[in-house]
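Note sheet for the following structure.
Computed from heavy atoms alone, side chains included, the values below leave out hydrogens, waters and symmetry copies.
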There are 2 protein chains.
Amino acid sequence: MENNSNHICLCPLEGIINIIAKKWAILIISIIGHHGKIRFNDIMQRLDGISPKTLADVLKNLQKENLIHRESFSEIPPRVEYSLTDDGKQLCEAVRPLIQWAEKRDSVDKHRCKGSCHDENVAPKRGTQQKNELIT
Amino acid sequence: MENNSNHICLCPLEGIINIIAKKWAILIISIIGHHGKIRFNDIMQRLDGISPKTLADVLKNLQKENLIHRESFSEIPPRVEYSLTDDGKQLCEAVRPLIQWAEKRDSVDKHRCKGSCHDENVAPKRGTQQKNELIT
DNA sequence: CTGTATCCCCAGAGATACTG
DNA sequence: CAGTATCTCTGGGGATACAG
């Protein structure tokens, strides 16, 4: 894994790709970062097409990496809220330029996501707390 | 809150993940971006462990996405130089924070690539410009 | 040197059903 | 609601050999 050359160290990247090179990881990080707190099913709805198993899988992986925080309430019905850890927030920040690049690239190409994903029902606005950090 | 300033549309990300979620794509983009021009075997050596098939595969994918430019010289022996397109450069820029995040995270976590490639800790060796900075 | 051509293999992603 | 439990199955990635 280590290249003995003196030029460039990609080792940290090798660590990172195990996180971000997961198909849904960045999406999920971004979604959670965008919402502050979000529940399992909310994530699943937003990621139209993901299966609970896959979502749980990625979620657990991200927890293991200390990127997201899982807070479960012992209620009926059960409620679990996912939020970003400090590390996760930093990752979310770091990923933002990427999203902007993708947006720009997408818009010049073909703007394939008009309407359908922009009218998502974000911000449940429960109570007074609706401040989403990470969202400038 | 999904207003102009802070709305994040994940749809473009769905397009992007097909690019960056490839195991080696970001690595290769970074490497090419770091070197300006680089040859097939040079990339392969830096990505210790990658097989020519995989590299060629990612490379072709990247070409298809107009992220890298392939310039082949009809020489003996043949020479091919890869460089970033304008889009690729932008991607490289967008990926930079990610790398920095990864570096930071790696260093606090567990120095998994100590010695061979993190030599900047050991004997800075004069104030001359070292080349092992990934992105400065 | 720069790739193709194969073959293999398993991790990851999907679907579905089920449980606490 | 929030996941697990299985099963499948594709395709990405690795290894090796070979070609232009």
Is any side-chain nitrogen or oxygen of Lys60(A) closer than 4.0 Å to OP1 or OP2 of dT4(D)?
yes

Atom CG of Leu59(B) to atom P of dG3(C): distance rounded to whole Å?
7 Å

Separation of atom CE in Met44(A) from atom P in dG3(D), rounded to whole Å:
10 Å

Starting at atom CD1 of Ile76(A), determine the distance to atom C1' of dC1(D), rounded to an integer number of angstrom.
9 Å

Spacing of CD belonging to Glu81(B) relative to CZ belonging to Phe73(B), to within rounding of 0.5 Å
4.5 Å

Between P on dA13(C) and CG on Asn61(A), what's the gap in Å once rounded to a whole number?
10 Å

Does any N or O in the side chain of Thr85(B) come within less than 3.5 Å of the main-chain N or O of Leu67(B), such that one atom is a donor and the other an acceptor?
yes

Heavy-atom donor-acceptor pair, Ser83(A) side chain to Gly36(A) backbone, under 3.5 Å
no

Could you tell me which non-hydrogen atom of Ser30(B) sits nearest to which non-hydrogen atom of Cys92(B), and how far apart they are?
CA-SG, 4.3 Å

Looking at the side chain of Phe40(B), which of dC1(C), dA2(D), dT2(C) is the nearest nucleotide?
dT2(C)

Nucleotide by nucleotide, nucleotides 5-16 of chain D touches protein heavy atoms under 4.0 Å in the pattern (B base, S sugar-phosphate only, - none) BB-----SBBBB

Could Arg79(A) and Glu71(A) be called an ion pair, given the rule that one side-chain N must be under 4.0 Å from one carboxylate O?
no

Separation of dC1(C) P from Arg79(B) CZ (nearest whole Å)
13 Å

Whole-Å distance separating the CD1 atom of Ile38(A) from the P atom of dG3(D):
13 Å

Begin with the C-alpha distance, continue with both residues' side-chain angles, and end with the deciding distance and a verdict on side-chain hydrogen bond (donor to acceptor under 3.5 Å, both in side chains) for Asn41(B) and Gln45(B).
CA-CA 6 Å; Asn41(B) 269 3; Gln45(B) 285 169 14; over 6 Å; no

Is any side-chain N or O of Tyr82(A) closer than 4.0 Å to OP1 or OP2 of dG3(D)?
yes

Looking at Glu65(B) and Lys60(B), is any side-chain nitrogen of the basic one under 4.0 Å from a carboxylate oxygen of the acidic one?
no

Nearest-angstrom distance from the residue atom CG of Asp42(A) to C1' of dG3(D):
14 Å

Output yes when at least one side-chain N/O atom of Arg70(B) is less than 4.0 Å from OP1 or OP2 of dT2(C), else no.
no

Separation of dG12(C) P from Leu62(A) CG (nearest whole Å):
13 Å

